[in-house]
2 protein chains.
Amino acid sequence: MIKSVDKALRLLEILSQSDRPMRLRDIAEASELTRSNAFRMLQTLRDLGYVAQVGDGSHYDLTLKIFEIGARKVASNALVSVAHPVLQRLSERVSENVMLSVREGLTSVVLDRIESRAFVRTFAYLGARAPLHAVSGGKVLLAWAPDEVIRAMAADLPRFTEATITDPDRLAQEVETIRAQGYATAIHEINDAARGVAVPIRSLHGDVVAALSISGPMEDMDAALIARFVAELQDHAARIERTWTGAA
Amino acid sequence: MIKSVDKALRLLEILSQSDRPMRLRDIAEASELTRSNAFRMLQTLRDLGYVAQVGDGSHYDLTLKIFEIGARKVASNALVSVAHPVLQRLSERVSENVMLSVREGLTSVVLDRIESRAFVRTFAYLGARAPLHAVSGGKVLLAWAPDEVIRAMAADLPRFTEATITDPDRLAQEVETIRAQGYATAIHEINDAARGVAVPIRSLHGDVVAALSISGPMEDMDAALIARFVAELQDHAARIERTWTGAA
DNA sequence: TTGTTTTGTTCTACTATTCAGAACGAAAAC
DNA sequence: GTTTTCGTTCTGAATAGTAGAACAAAACAA
């Protein structure tokens, strides 16, 4: 473990978590580095173009270089470019947030999203990471993940709300249900405002590679609405699969 | 300049530019590090969660952690969250790619975009960086940038196509035109397929903080179409400004 | 104002960290 | 079956990185 690298990346993470530029003092404190050390790190990061000194120079902020690098990675993913127009179409049809997520370890990450134009919106931000068991997209990704992933997940089920699945047996049962019905729902399991429905997107080989989901407050979500959403999701997932496997 | 940090970030950049996982050998070569050095770097980056060994372990790939960090930075930008639903609405109305960009130094960076559902698409990917003088959004950002930015840009105008503005006087004139008419166009100036139209988005103080643009092949783009696009862009830019300044 | 504290930045001397290169076995190429 | 290439480990050398002191400037207090 190269310590300087660890420190530098820690600084980038800290800066990304702040919604405003930070002073050296606070960066040093948050990162548990000495001021002189943090200073030198920030100079380096500035020279490399990852950080900028803003205002009178006493505050540091991330530049967009990190965003550029991360987004480039995702943009080069053929699935995302194929899916984006389909997400847009779906978004128009359901008037809710729609998201495309993939699994990484025991979390799901939102690769692309279209936010609803409705006034009330929940957070559907790009890059958002959530534990697999608490969001609809995550559940789909979990249900078709290798057994060891399911076991590892079951070993630690953090609770977010009353409705979060925290019992391993409940989780196993939920996984069964999802596999059988072909879609997952999550109702107030990550927070008290969010509901979601998700279906899998499969590769040519049948592997589940991503989840397509609808999310939002959806206060009127009953069985009929779920059925409609599932039908839309499956239709659009199939469109993505067709274009993707056709193109690849 | 802390060398290890430079090296580590170089590796991340190299990996982000590859559309497939890379072998140690090739990473070492591309980064001009010795194999043993690259190896150690990659181990560190793996332990920190930025890189994963994939396949049989002989290939390295970026995880989504960088994407998460970069996207978090952008998501915390109030303008982007306000603008997204407006982009979507605009996209529906014009059936072309729409983009939101900001200036960083002498380049523009795409913070958000909706890709056209039309079959033919040009590249409108997230995080895309372009020199200010060669894209419509960049031109808008340039036209209202501080004088020293315009001077610095004029000092070096890289050519991409026949149509690229490479003469400083032409650029000065173009800036005048853009300020006068309130919008910018770019026709085959970054590549031979792309056309764009852009308008500024202003803060409460009247500063231009971003550009809203429409881009695509748009082979039928004549004066009438430009006029229609400009009207749509200005309407939607005003929507963004209203919501944003109202919320902020 | 004047005095006090905090902050960003520079410097230096120490030493722990990092590096290149050699060396290895395994795998791939021929 | 032989040769080359590759990922990985190791080691001693030295360089790069660190903490802490020191300082000037700014912020704050009285």
Side-chain angles (χ1 to χ4, degrees), chain A residues 1-66 69 73 104-105, chain B residues 1-63 65-66 69 73 104-105 148:
Chain A
M1 165 78 66
I2 295 170
K3 287 171 84 172
S4 317
V5 172
D6 178 25
K7 291 176 182 175
L9 292 172
R10 224 152 68 210
L11 293 196
L12 294 180
E13 280 192 65
I14 286 168
L15 283 171
S16 83
Q17 277 157 15
S18 167
D19 51 352
R20 53 189 66 254
M22 294 175 76
R23 294 184 320 168
L24 174 63
R25 175 61 221 280
D26 300 322
I27 296 172
E29 191 170 348
S31 60
E32 298 179 297
L33 299 184
T34 61
R35 269 183 305 158
S36 65
N37 200 170
F39 178 71
R40 212 156 109 71
M41 283 290 164
L42 288 167
Q43 296 295 318
T44 297
L45 292 171
R46 170 169 58 70
D47 293 347
L48 295 172
Y50 288 85
V51 159
Q53 285 176 283
V54 298
D56 59 347
S58 71
H59 288 243
Y60 293 86
D61 200 2
L62 284 190
T63 66
L64 293 167
K65 190 157 179 178
I66 291 263
I69 291 176
K73 178 75 214 158
E104 193 168 271
Chain B
M1 166 76 66
I2 295 170
K3 287 171 85 173
S4 317
V5 173
D6 178 24
K7 291 175 184 176
L9 292 172
R10 225 153 67 210
L11 292 196
L12 295 181
E13 281 191 63
I14 286 168
L15 283 170
S16 82
Q17 279 158 14
S18 167
D19 51 352
R20 53 188 68 254
M22 293 176 77
R23 296 183 318 169
L24 174 63
R25 176 60 222 280
D26 300 323
I27 296 172
E29 190 170 352
S31 61
E32 297 180 298
L33 299 184
T34 62
R35 269 183 308 165
S36 65
N37 198 170
F39 178 70
R40 213 156 108 70
M41 283 289 162
L42 288 167
Q43 296 295 317
T44 298
L45 292 172
R46 171 169 58 71
D47 293 347
L48 295 172
Y50 288 85
V51 159
Q53 285 176 282
V54 298
D56 59 346
S58 72
H59 288 242
Y60 293 86
D61 200 1
L62 285 190
T63 65
K65 192 157 178 179
I66 292 260
I69 291 176
K73 178 76 213 159
E104 193 168 89
E148 64 261 30

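Quick note: numbers below take in every heavy atom, side chains included, and nothing from hydrogens, waters or symmetry partners. Chain identifiers are assigned alphabetically (A, B, ...) following the order of the sequence lines, protein sequences preceding nucleic acid strands; residue numbering begins at 1 within each chain.
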A.B. asks: Between B/E104 (side chain only) and A/T63 (backbone N and O only), is there a donor and an acceptor less than 3.5 Å apart?
C.D. replies: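 No; zero donor-acceptor contacts below 3.5 Å.
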A.B. asks: Would you say A/Q53 reaches C/dT9's phosphate, i.e. side-chain N/O to OP1/OP2 under 4.0 Å?
C.D. replies: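 It does, given that an N or O in the side chain of A/Q53 lies less than 4.0 Å from OP1 or OP2 of C/dT9.
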A.B. asks: To the nearest 0.5 angstrom, please state how far the OG atom of B/S18 sits from the CG atom of B/L62.
C.D. replies: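 Answer rounded to 0.5 Å: 9.0 Å.
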A.B. asks: Separation of B/H59 atom NE2 from C/dA28 atom C1', in whole Å?
C.D. replies: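 That distance rounds to 12 Å.
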A.B. asks: Between C1' on D/dG7 and CD1 on B/I27, what's the gap in Å once rounded to a whole number?
C.D. replies: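 So the two atoms are 12 Å apart, to the nearest Å.
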A.B. asks: Out of A/N37, A/L24, A/D47, A/L33, which one pairs with A/L42 under the side-chain contact (heavy atoms from CB on, under 4.5 Å) rule?
C.D. replies: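 Going through the options one by one, the only one that passes is A/L24.
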A.B. asks: Round to a whole Å and report the spacing from CZ of A/R46 to P of C/dG8.
C.D. replies: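 It works out to 14 Å between those atoms.
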A.B. asks: What verdict does the side-chain contact (heavy atoms from CB on, under 4.5 Å) test give for B/L11 and B/V51, after you've listed the backbone C-alpha separation in whole Å, the side-chain angles of each residue and the deciding distance to 0.1 Å?
C.D. replies: CA-CA 10 Å; B/L11 292 196; B/V51 159; over 6 Å; no
A.B. asks: Check the distance between D/dT18's P and A/L42's CG and give it to me in whole angstrom.
C.D. replies: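 Roughly 13 Å, once rounded to whole Å.
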A.B. asks: Near B/E32 CD, under 6.0 Å, is it more than 12 heavy atoms from other residues, nucleotides or ligands?
C.D. replies: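 Atom CD in B/E32 is not crowded, with 12 or fewer foreign heavy atoms closer than 6.0 Å.
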A.B. asks: Would you work out how much the helix from C/dT1-D/dA30 to C/dC30-D/dG1 bends between its ends, with each end axis defined by five base pairs, to 10 degrees?
C.D. replies: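 The angle separating the two end axes equals 50°.
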A.B. asks: Can you measure A/M22 atom CE to C/dG8 atom P for me and round it to whole angstrom units?
C.D. replies: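 Value for this atom pair: 11 Å.
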A.B. asks: Write down the distance between CG (A/D6) and P (D/dT18), rounded to a whole number of angstrom.
C.D. replies: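 From A/D6 CG to D/dT18 P: 11 Å.
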A.B. asks: Check whether any side-chain N or O of A/T44 sits under 3.5 Å from a backbone N or O of B/I2 as a donor-acceptor pair, and report yes or no.
C.D. replies: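 Yes, because the side chain of A/T44 sits within donor-acceptor range (under 3.5 Å) of the backbone of B/I2.
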A.B. asks: Can you tell me how far apart CG (A/L15) and CD1 (A/I66) are? Round to the nearest 0.5 Å.
C.D. replies: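 That separation rounds to 9.5 Å.
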A.B. asks: For nucleotides 18-26 of chain C, just jot down a letter per nucleotide in 5' to 3' order: B, S or -, based on protein non-hydrogen atoms under 4.0 Å.
C.D. replies: BSBB-----
A.B. asks: Report the C-alpha distance between A/M41 and A/I27 in whole Å, list the side-chain angles of each, state the deciding distance to 0.1 Å, and finish with yes or no for side-chain contact (heavy atoms from CB on, under 4.5 Å).
C.D. replies: CA-CA 11 Å; A/M41 283 290 164; A/I27 296 172; over 6 Å; no
A.B. asks: To the nearest Å, how far apart are A/E32 CD and D/dA19 P?
C.D. replies: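 A/E32 atom CD is separated from D/dA19 atom P by 12 Å.
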A.B. asks: Calculate the interatomic distance between B/E29 atom CD and D/dC6 atom C1'; express it in whole Å.
C.D. replies: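 That distance rounds to 13 Å.
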A.B. asks: Does A/R25 put a side-chain nitrogen or oxygen below 4.0 Å from OP1 or OP2 of C/dG8?
C.D. replies: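 False: A/R25 side-chain N/O out of range (4.0 Å or more) of C/dG8 OP1/OP2.
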A.B. asks: About how many Å separate OH of A/Y50 and CG of B/L12, when rounded to the nearest 0.5 Å?
C.D. replies: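 One finds 6.5 Å between CG of B/L12 and OH of A/Y50.
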